[in-house]
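A, B, ... follow the sequence lines: proteins, then strands. Residue 1 opens every chain. The structure displayed is predicted, hence computed values, not measured ones.
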Number of protein chains: 2
Amino acid sequence: MAAATIKDVAREAKVSVASVSRALNDGRGVTAETSQRIREAATRLRYVPHAAARTLITRRTNTIGALLPDLYGEFFSELIRGIDLAARARGLHLLVSSSHDDADAAAAALRAMQGRVDGLLLMSPHADAAFLQQNLPHGLPTVLMNTRLAGADYCALSVDNDGGARLMVEHLLALGHRRIVFIQGPPGNRDATERELGYREALTSHSPDSPVAMLRGDFSEDSGYRAGQQVLAMRPRPDAVFAANDMMAIGCMAALRDAGICVPEEIAIGGFDDVPMARYVTPPLTTVQVHIAELGGQAMELLGEQIDNPDSVMAGIHRRVTAQLVVRVSSGAPLV
Amino acid sequence: MAAATIKDVAREAKVSVASVSRALNDGRGVTAETSQRIREAATRLRYVPHAAARTLITRRTNTIGALLPDLYGEFFSELIRGIDLAARARGLHLLVSSSHDDADAAAAALRAMQGRVDGLLLMSPHADAAFLQQNLPHGLPTVLMNTRLAGADYCALSVDNDGGARLMVEHLLALGHRRIVFIQGPPGNRDATERELGYREALTSHSPDSPVAMLRGDFSEDSGYRAGQQVLAMRPRPDAVFAANDMMAIGCMAALRDAGICVPEEIAIGGFDDVPMARYVTPPLTTVQVHIAELGGQAMELLGEQIDNPDSVMAGIHRRVTAQLVVRVSSGAPLV
DNA sequence: ACTCTTTATGAAAACGATTACGTTGGCGCC
DNA sequence: GGCGCCAACGTAATCGTTTTCATAAAGAGT
C-alpha cells in the first residue's frame, strides 16, 4: 500500500530504473514503444517521483520560500496571490513563513529554509545589511521586497511610493489647489518617508510658490482625525490634504465633517493605498493604488531569472512597481 | 563554498558521521565532551542538515500543505496566519497552494504535494467524495475545512454559521424586533445556506409567530441594495433585516438611506462576517464575527494529532469553530 | 566482411542523512 | 582473573532518484 517507487515501475515495465527515469524526464535515449510501456506502467501504479530523493541528487527543490513579516488584511492576500501565481507558472512550489515580529524569529525561519528552497523572497523590516550578511545562506538567490536596503549587494523590488505621491500632488495641483498639507506616517517607516519625499518633490518642482506643510501622524485613523483638527486651525486654511495613507485620510475627513466643512468643496482630500473601504466612505476617497499582486509576481519573476541562470549578476538590480492614481469624489475632480 | 555536510562536521570533530547524527539529534550514546566538540564543529562550519536527505530516510518532511481556493481579502490572510502560527509551534513548515478555481487545477496541485508534505489542509469547493477518493494520496493525514462533505471518511472542521445566525436572530428578537427578513446568499453556497438555516431555526423556536421571509441575494453589495428596495415595498414593513453577509447588509443600508429610512430607528440591520469596513459604515454594523485564524489554527491542531499518531481513528471527527455576535449601532441596541 | 559510429539499455555510483549492527574497552561481580 | 555487561563509537546499509559509464546490437561506410 506504500507509494510506488521507480523500482516498482521498472519491474512492472520490465526495464531498468535508468530507463524509467529517462522515459519520464527528457524522454531521450528510449525507444518510443519502451517509453510508452513505461508510461503505462507508471500510471497503472500511480507512480509519483519522490520529491526528496530527486532533490538530493539534482540539488533542486523546485520550491521557493517567502519570508514575510506580520501582515494584515488584503495586502498579505494579494502579495501571496501574486507570488503563488507566478511561481505556479514556473512549476515552483511556495513555502511561506510569516508573522515574524522580531529579528530572532526571522533569523530562525531563515535558517530553517536552508536547503528546502531554491530561492528566497524576503520582506522583513529587520533586514538590515548586518542581518542579511549574518543569516542569509550564501549563494541562495534572493529578492528583497520593500526593504530599506538600497544596497548593491542584493536584488530588490519595491513600491514606487515616491512616484505615486507625485501623481497625487500633480492631480491636486491640476485641480487648482495650491495650499496642500501632508499628513505624515510613522517616523522611520520607509513607505511613509518615500511618500513624503514625493510630495515635497512634486510641490517644489511644479508649484514652487506653494508652501510645504506637514502634520504628524502614525497611519492610524485617530491620528488622521487629530491632524484634521489641526488643519482647521491653520491660517490661511489649506485647499487640500494629502494623507500618507487611506486610514488617516478617512480620519481627517471625519474631523472635517464634524466641523461642518464640506469635502471636497471646501477642502479636497487624497489618500494612499486604496484600501477596499476607500470607495465606500462618503465622499469616496481619491487615492493612490498599488497593484500588490504585481509586486509579488514581479518579485517572483526576478527570483526565477536568478534561479535559472545563477551566474548572471543580478545583485544591485532594483526595480519598482508603479502606482496608479484612483480619482474619486474627495479630491473634487469634475465628474466626467 | 558549498554548504557543509555531516561528513565535513565528522572530519572537523574527528568522529564518525554516526556520532555527529547522534549528538545533534537525541544526544544519547555520546559523551558530553564529544557532543560538545561536535556541536562546536557544527556551528563553526555553519552546518545545517540537508532537509531532503533527512526526509528520504526518515520519511518525514516536517512540512504540511494547505490547498486553498481563490480567496480574497482578510479571510485568506487570517486563515494563513492561524495555520502558520500553529504549524510553527509544532516545528512544521507550510507549503501553500492557492487560487484553484477548477477541479483539474486542484487535482494537479494535490498530486504535486505528494511526498512533499506530512499532512494536508484542504479547503476546496470541488472536494466532493469522488474527487477526494480519486486524488487524495491514500494514507496521507488530511483535514477538510469548510467543505460540504459531512462524510465519516475524513476529519473535518468548519465554521458554525448556523450558531452564528441564531445568535443574531436572538439578538434582534431580544431588542423587540418581530418581523425579521433574511437576505440570502448565492444559491448552493454552503455558508449561505447554513446561515439561512440558523435564521429559520432561531425564528421558529424562539418566536413562532414571526413570519419567515427571504429575499434573494448573491453576497454582492448590489444585490443587498436591490433587496433593500424590496424591503421598502413589503407590507407590513419589516422591523429588521438580517443579511447573509456584511456587504449585502451595507448595500441594503444604502438603499434604506436613499429612501430616507433611518437605521436603526425605523429598521434594524444585521450582517455576517465582520469585515473591517463594518465598523466604519454609518451607522456601524452589528454583525457576526468568526475568528478565522482560529479556524486555521484548530485545523492545524487536528492535523498535527493525526500526524503524531497515525493509527488513531480521527476520520469522522467533525469540529466547528464558534461565531460571536458583535453588537454595534445598526441593530438598535441601547448603548451601554 | 570489417570497422566505426550511433543508439538503446543496464549496472552502479553518487547525493546526505539515519540507524541497525559490530566492535572495543572499561567496569563490576563472583 | 575471568566472565558478562554496558556505554561509546564506527561501519555500512538504506532511502529513491539521476547520471555516468560500460556494453551490446545495429546500421553505415568502404
Side-chain angles (χ1 to χ4, degrees), chain A residues 1-39 41-42 45-63 111-118 137 139, chain B residues 1-39 41-42 45-63 111-118 137 139:
Chain A
M1 198 49 76
T5 76
I6 197 173
K7 280 188 182 174
D8 300 323
V9 179
R11 192 175 330 115
E12 178 86 3
K14 302 192 194 307
V15 291
S16 73
V17 293
S19 294
V20 176
S21 177
R22 277 188 285 256
L24 265 37
N25 294 342
D26 35 3
R28 293 183 351 184
V30 190
T31 332
E33 49 204 324
T34 321
S35 179
Q36 174 71 10
R37 203 170 70 238
I38 292 172
R39 280 169 201 287
L45 297 178
R46 288 168 176 265
Y47 168 70
V48 179
H50 195 290
R54 181 177 265 173
T55 293
L56 189 55
I57 188 79
T58 59
R59 323 252 75 188
R60 291 207 62 178
T61 62
N62 290 311
T63 303
R111 228 170 305 126
M113 289 250 174
Q114 180 88 268
R116 297 180 171 276
V117 298
D118 295 334
Chain B
M1 196 50 75
T5 76
I6 197 172
K7 279 189 182 174
D8 300 323
V9 178
R11 194 176 327 114
E12 178 85 3
K14 302 191 195 306
V15 290
S16 73
V17 292
S19 295
V20 176
S21 177
R22 278 188 285 256
L24 265 36
N25 293 342
D26 37 2
R28 293 182 350 183
V30 191
T31 332
E33 49 205 322
T34 322
S35 179
Q36 175 71 9
R37 204 171 69 238
I38 291 172
R39 280 168 201 289
L45 297 178
R46 289 170 178 264
Y47 168 70
V48 178
H50 195 290
R54 183 176 263 174
T55 293
L56 191 54
I57 187 80
T58 60
R59 325 251 71 191
R60 291 207 60 179
T61 62
N62 290 311
T63 302
R111 228 171 304 128
M113 290 249 172
Q114 179 88 270
R116 299 181 171 274
V117 299
D118 294 334

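Taking atom NZ of Lys7(A) as the reference point, atom C1' of dC15(D) lies 9 Å away to the nearest angstrom. One atom, CG of Asp8(B), and another, C1' of dA17(C), lie 13 Å apart when rounded to the nearest Å. The separation between Leu24(A) atom CG and dT19(D) atom P is 13 Å, rounded to whole Å. One atom, CG of Asn25(A), and another, P of dG16(D), lie 17 Å apart when rounded to the nearest Å. Across the protein-nucleic acid pair, Gln36(B) atom CD and dA8(D) atom C1' stand 17 Å apart, rounded to whole Å. Atoms NE2 (His50(A)) and P (dA17(C)) sit 16 Å apart, rounded to a whole Å. Distance, Ile6(B) CD1 to dG16(C) C1': 8 Å, rounded to whole Å.
Each end of the helix from dA1(C)-dT30(D) to dC30(C)-dG1(D) gets its own axis, taken as the rotation carrying the C1' atoms of four end pairs onto the next four within a five-pair window, and the two axes meet at 50° to the nearest 10 degrees.
Ala53(B) is linked by a side-chain contact (heavy atoms from CB on, under 4.5 Å) to Leu56(A), His50(B), counting only residues two or more places apart in sequence or in another chain. Applying the salt bridge (Lys or Arg N to Asp or Glu O under 4.0 Å) test to Arg11(A) and every residue at least two apart in sequence or in another chain returns Asp8(A). In this structure Thr58(B) satisfies the side chain to side chain donor-acceptor pair (under 3.5 Å) test with no other residue, sequence neighbours excluded. In terms of the side chain to side chain donor-acceptor pair (under 3.5 Å) criterion, Arg37(A) has no residue partners (sequence neighbours excluded). Listed by chain and residue number, nothing satisfies the side chain to side chain donor-acceptor pair (under 3.5 Å) test with Gln114(B) (two or more places apart in sequence, or in another chain). The salt bridge (Lys or Arg N to Asp or Glu O under 4.0 Å) check on Arg59(B) picks up nothing, with sequence neighbours excluded. A search for side chain to side chain donor-acceptor pair (under 3.5 Å) contacts involving Arg54(B) returns Asn25(B), not counting sequence neighbours.
Closest heavy-atom contact between Ala13(B) and Ala41(B): CB-CB, 3.9 Å. What you find for Tyr47(A) and Ile6(A) is that their closest heavy atoms are CE1-N, 3.5 Å. Summarising the geometry of Arg116(A) relative to Asn62(B), their closest heavy-atom pair is NH2-CB, 4.0 Å, with the distance given to 0.1 Å. Closest heavy-atom contact between Arg111(B) and Val48(A): O-CG1, 4.2 Å.
Summarising the geometry, atom OG1 belonging to Thr55(A) is positioned 7.5 Å from atom CG belonging to Asp118(A); distances are rounded to the nearest 0.5 Å.
Among the heavy atoms of the strands lying under 4.0 Å from Ser21(A) is at least one base atom, whether or not backbone atoms are also near.
Of the residues in residues 51-60 of chain B, Leu56(B), Ile57(B), Arg59(B) come within less than 4.0 Å of DNA chain D through at least one heavy atom, sorted by number.
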Could you give the side-chain donor-acceptor pairs of residues 17-24 of chain A under 3.5 Å, partners two or more places apart or in another chain?
none

N/O contacts under 3.5 Å, protein versus nucleotides 24-26 of chain C?
none

N/O contacts under 3.5 Å, protein versus nucleotides 4-10 of chain C?
unit_1: dA8(C); atom_1: O3'; unit_2: Thr31(A); atom_2: OG1; d: 3.1
unit_1: dT9(C); atom_1: OP1; unit_2: Thr31(A); atom_2: OG1; d: 3.3
unit_1: dT9(C); atom_1: OP1; unit_2: Thr34(A); atom_2: OG1; d: 2.9
unit_1: dT9(C); atom_1: OP2; unit_2: Thr31(A); atom_2: N; d: 3.0
unit_1: dT9(C); atom_1: OP2; unit_2: Thr31(A); atom_2: OG1; d: 3.0
unit_1: dT9(C); atom_1: OP2; unit_2: Thr34(A); atom_2: OG1; d: 3.4
unit_1: dG10(C); atom_1: OP2; unit_2: Ser16(A); atom_2: N; d: 2.8
unit_1: dG10(C); atom_1: OP2; unit_2: Ser16(A); atom_2: OG; d: 3.0
unit_1: dG10(C); atom_1: OP2; unit_2: Ser19(A); atom_2: OG; d: 2.9
unit_1: dG10(C); atom_1: N7; unit_2: Arg22(A); atom_2: NH2; d: 3.1
unit_1: dG10(C); atom_1: O6; unit_2: Arg22(A); atom_2: NH1; d: 3.4

